[in-house]
There are 2 protein chains.
Amino acid sequence: MQDKSKKEVIMDCAAKLFRKKGYKGTSMRDIAQEVGVEAASLYNHIQNKQQLLRESLMIIAHLFTKGMEDVNNTSLSDIAKFEELIRLHVRLSVKHTDKISIITSEWVHLNEPALSEYLQLRTAYEEKFKHIIKACIQDGSFKQVNTDIALFSTLSTLHWLYSWYSKNRDISPVELEYQMIHCLMDGLRIRA
Amino acid sequence: MQDKSKKEVIMDCAAKLFRKKGYKGTSMRDIAQEVGVEAASLYNHIQNKQQLLRESLMIIAHLFTKGMEDVNNTSLSDIAKFEELIRLHVRLSVKHTDKISIITSEWVHLNEPALSEYLQLRTAYEEKFKHIIKACIQDGSFKQVNTDIALFSTLSTLHWLYSWYSKNRDISPVELEYQMIHCLMDGLRIRA
DNA sequence: GTCTATAAGTCGATAGAC
DNA sequence: GTCTATCGACTTATAGAC
């Protein structure tokens with residue numbers, strides 16, 4: 001495996017600190033200390049602090065967008081697509097834990113025009129997710145639920161996977177995928 | 001209804017801004033502008049910025065703790081207690097939308113000893129919630145799910161109610177309670 | 001109780017030596 | 001490419017006039 005470039009090291013350290021203390025709560029001096037250099041040295045590899053937030057966020061946003069496209073390009077049934085999206089979230093949460101936390105809570109600190117670009121990607125993603133839920137209702141595999149609430153409830157759980165997974169690393173990703181699908185699709189109660 | 005004290009006005013303005021821009025992203029000048037005074041004037045009513053975060057957060061934490069006690073002091077069945085907790089979250093999210101957002105994402109900026117005090121309350125709350133889920137499994141009303149995942153999934157959805165409710169104020173709180181209970185307990189799929 | 005003025009510190013970012 | 005030194009803006013909070 002190729003060594004990380006210095007920029008990648010900086011991006012990873014920044015994501016780790018943004019997660020722990022937030023974007024505004026993390027100084028360039030904090031990031032420099034984590035990397036092991038002085039703050040001024042960071043600017044030989046990056047333009048500014050905002051770039052660290054923007055690039056981490058956009059990398060993840062495009063991974064979700066690409067994942068959604070891949071799922072929609074299959075000939076799977078709608079309910080199988082729904083399951084595949086849950087697996088996508090689990091996979092990305094396990095692999096990019098720190099950066100995922102940024103997309104969940106630090107996107108508000110994005111400057112324009114990156115903010116609008118990000119929100120457009122997110123809205124498009126959510127609309128496609130909702131479309132699949134609606135299709136599941138129409139083909140009779142899902143109940144006649146309020147689709148907005150179903151979407152919100154599903155995404156809330158998936159957005160916070162990263163925080164839960166950090167504290168429970170003993171469960172395997174495959175087992176986690178199975179449990180999440182079961183929990184979200186079938187609920188808790190025995191007799192519905 | 002009694003008029004709000006100046007301190008309450010400041011607390012509400014601060015909560016609103018903390019929600020929008022985060023604790024670290026909100027300056028005392030921002031809060032002062034929202035209140036309609038100069039920044040220095042705030043200090044006649046409050047001690048410091050940290051107090052604004054701490055008090056808002058503790059008010060909500062104690063409302064949840066009190067709500068959990070009330071539920072556990074009833075003679076309801078365990079599954080009815082679970083439903084009652086969902087109603088508690090919906091009720092508090094609707095009534096204290098801004099302050100709830102702080103407890104979800106800004107608690108990391110609490111200084112000690114308030115941070116430890118808050119985490120202790122939160123852990124105790126989660127343990128009691130988990131205990132009710134376990135009781136529901138034991139009495140046969142819930143499936144044999146992973147209780148940690150069931151707890152996490154339920155709380156994630158409930159924690160983000162406030163953000164969803166802000167954008168969908170057309171649904172009534174009572175209808176929202178019903179939909180949330182149905183969604184979390186019965187899932188989406190028709191045949192489990 | 002509100003204001004102006006300001007202290008004392010931290011922030012992101014740059015200049016220039018090496 | 002890293003460092004030291006520093007700029008200018010912004011931060012929380014206080015002092016003291018009114």
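To find a chain, count down the sequence lines: A is the first, B the second, and so on, and within it residues start at 1.
Salt bridge present: B:Asp12 and B:Lys4 bring a charged side-chain N and a carboxylate O closer than 4.0 Å.
Atom NE2 of A:His45 and atom C1' of D:dG1 are 6 Å apart (whole Å). With rounding to whole Å, B:His109 atom NE2 is found 15 Å from D:dT11 atom C1'. Straight-line distance from the CD atom of B:Glu38 to the C1' atom of D:dG16: 16 Å, rounded to whole Å. In this structure, CD1 of B:Ile10 is placed 10 Å from P of C:dG1, rounded to the nearest angstrom. For the pair A:Ile46 CD1 and C:dA13 P, the interatomic distance rounds to 8 Å; values are reported in whole Å. Rounding to whole angstrom units, CD of residue B:Gln33 and P of D:dT11 are separated by 12 Å. The interatomic distance linking A:Arg29 (CZ) with D:dT4 (P) rounds to 12 Å, in whole Å. When rounded to the nearest whole Å, the span between OH of B:Tyr43 and C1' of D:dA13 equals 5 Å.
Shortest non-hydrogen contact noted between B:Arg19 and B:Thr97 is NH1-CG2, 3.5 Å.
For A:Ala40, taking side-chain heavy atoms from C-beta onward, the closest of the listed nucleotides C:dC11, C:dA15, D:dT14 is C:dA15. With distances taken from any side-chain atom of B:Lys49 to the nucleotides D:dA5, C:dA13, D:dA13, the minimum falls on D:dA13.
Both A:Gly25 and A:Gln47 lie close to DNA chain C; mapped to their nearest nucleotides by heavy-atom distance, the more 5′-ward contact belongs to A:Gly25.
Rounding to the nearest 0.5 Å places CD1 of A:Ile103 at 11.0 Å from NE2 of A:His96.
Nucleic acid contact for B:Ser41: base, since at least one base atom lies under 4.0 Å from a heavy atom of the residue.
Identified under the salt bridge (charged side-chain N to carboxylate O under 4.0 Å, His left out) test for residues 29-48 of chain A, with sequence neighbours left out: A:Lys16-A:Glu34, A:Lys21-A:Asp30.
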